[in-house]
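Because the structure is a prediction, the values reported are computed rather than measured.
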Amino acid sequence: MPSAGFADETYQGDAASDEAPKTETSNNTESGAEDSKSAEKSEGTAEKPLRLPPDVTTHHVLKQDGQDIPYTAIAGTIKPHDTSGKPVAEIFYTAYTAQAADPDRPITFVFNGGPGAASTYLHLGAMGPKVVATTEEGALTGPPPRLIPNDASWLDFTDLVFVDPVGTGYSGAAGTKSDKDFWGVDQDAESLAEFVRLYLTQTGRMGAPVFLAGESYGGFRVAVVTRKLQRKGSVSPSGLVLISPALEFSMLRGEDYDPLPWALQLPSYTAVKLESEGTTTREALASALKDVERYAMTDYLVALAAGLQKGGEAASAKVAELTGLPLEKVQRHFARVPQSLFVKEFDRSGGQVLSLYDGSVGGPDPHPSSAWPRGPDPVLDATVPLWSSAFVRYVSEDLQYKTDESFNLLNRKVSKSWDFGTSPTKQGYAGVLDDIQDARAANRKLEVLIASGYTDLITPYSVPAYLVAQLPPLKGANPIELRNYAGGHMLYLRASSRQDLKQDAKAMYARALGDNGS
């Protein structure tokens, strides 16, 4: 999902089967609204009534690779509760289970990031039975957007549960809790680990292999939730898929006097330039970027470490060549290229400003006289109405889940209010590399796949490779797998990358489950 925390997802979809979906409404009265009198209690002690309708079950068929995959969809809520048994939240989810239901089939819980984004991006962009239509370059079509069958859905090898954390999608606090009570690294992980436990318990799936997948901050979230689950003894996940993950914020935010983030960003700038010149495939980019990656972590990093002026003199010409920026601009910044400078200047002559989420995508610059980018991001901001309306119509028409509640795709209040766990006595940036290492130590069979997009400027693809290389070896543990793809932060918006990601994930699941192939 896009990451609101860094820069800050109804349409008539094609039928999932030849017949209209069969609909079942659960008799779970806990989903109904509580007595309205609860809303009349005094402020500060009032309990918020439950807002969302009962769970709805429908049946469909996914046609993929020449075969029919019947599946059951459930749109509904899990309600974590306090010690007195009263719900503290309504966490909305959409689940897909292949028929006939197999209690031992793998199940994957999917999260987007932000923090503050609903799971719609991975749901309707990558893994679900339907996806939004995009161009060959990965741009959404519309308005209005269009949903099409997903020929790269993961449903053929795992059941899927797409989860919207509190404050996103339709999810919200209940009882005496407020949404802000869930907005923090630990608070969020606690509620989502409880969601996983409750879902597995209520659906009779405690014996199923569990996988977690997340994008951007969702990758960060997956690591923390995994450790929560392991510590609680609820379940030990079999595999993690981290897509464009935020692993260590120090590598993404950077410090004024730390040269490393500049070096790790450089190959992504070069990838953008290569794409503009016609090098667009996964294989071609990997080959063309090898020398750049080597330069970035050797001569360039040494030059930066030598000092501002000396480093600028040594590296500016090479950096200008690799980025495609005017030499004068690079020299003015001493060979250290901020993201905002790059997206503003790369195609200034064409009147375009690039997206931080995919540097290969540009949009008209609404403020060309400004020295820095202003206005909506061409990928993130421009597509929010498309993603939102696509999901609302899909869940209402295809899944028959009817509600008048507002759907919150990207809640920017969440990222602004997020508790990262820092304080005057706990300084520094949040990170989860230790959580991943500890999770692998606790379960040496744990598989971890990290997927990154070459032209992602928000979470550069070089960062995970650098961080993983810093980890000490764990005897007997499976190695972390690193895979790069054509595309940006939402690399799966390109059909070829969506297929590549699926095949890499499918192979990883096979390893985790003890098979010998994909």
Among all residues two or more places apart in sequence or in another chain, which pass the side chain to side chain donor-acceptor pair (under 3.5 Å) test with [X]?
X      : result
Gln309 : Glu313
Asn478 : Glu447
Asp456 : Thr459, His489
Glu328 : Arg332

Practice problem: Could you name each residue pair satisfying salt bridge (charged side-chain N to carboxylate O under 4.0 Å, His left out) that touches residues 378-388, not counting sequence neighbours? | Solution: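 Checked against salt bridge (charged side-chain N to carboxylate O under 4.0 Å, His left out) - neighbours excluded - the pairs reaching residues 378-388 are Asp381-Arg412.
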Quiz prompt | Contact list for residues 184-196, test salt bridge (charged side-chain N to carboxylate O under 4.0 Å, His left out), sequence neighbours left out | solution =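 For residues 184-196, and leaving out neighbouring residues, the salt bridge (charged side-chain N to carboxylate O under 4.0 Å, His left out) pairs sorted by first residue read Asp186-Lys228, Asp188-Arg221, Glu190-Lys228, Glu190-Lys232, Glu194-Arg197.
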Using the test salt bridge (Lys or Arg N to Asp or Glu O under 4.0 Å), find all partners of [X] that sit at least two apart in sequence or belong to another chain.
X      : value
Arg227 : none
Asp347 : none
Glu293 : none

Quiz item: Just checking, Arg282 and Tyr485: is the charged tip under 6.0 Å from the six-membered ring centre and within 45° of the axis?
Solution: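 Yes, Arg282 sits over the ring of Tyr485.
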Quiz prompt | Parallel, tilted or perpendicular: ring planes of His123 versus Tyr394, cut at 30 and 60 degrees | solution =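 His123 vs Tyr394 ring planes: perpendicular.
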Practice problem: Keeping to residues at least two apart or across chains, list the ring pair (Phe, Tyr, Trp, His ring centres under 6.0 Å) pairs with something in residues 270-311. | Solution: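 For residues 270-311: Tyr295-Tyr300.
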Quiz prompt | Residues in ring-ring contact (aromatic ring centres under 6.0 Å, His included) contact with Tyr269, at least two apart in sequence or another chain | solution =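 With neighbours one apart ignored, the set is Phe342.
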Quiz item: What pairs with Phe334 under ring-ring contact (aromatic ring centres under 6.0 Å, His included), at least two apart in sequence or on another chain?
Solution: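 Partners of Phe334 under the ring-ring contact (aromatic ring centres under 6.0 Å, His included) test: none.
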Quiz item: Between the side chains of Ser216 and Ser244, is a donor N or O closer than 3.5 angstrom to an acceptor N or O?
Solution: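 No donor-acceptor contact under 3.5 Å links the two side chains.
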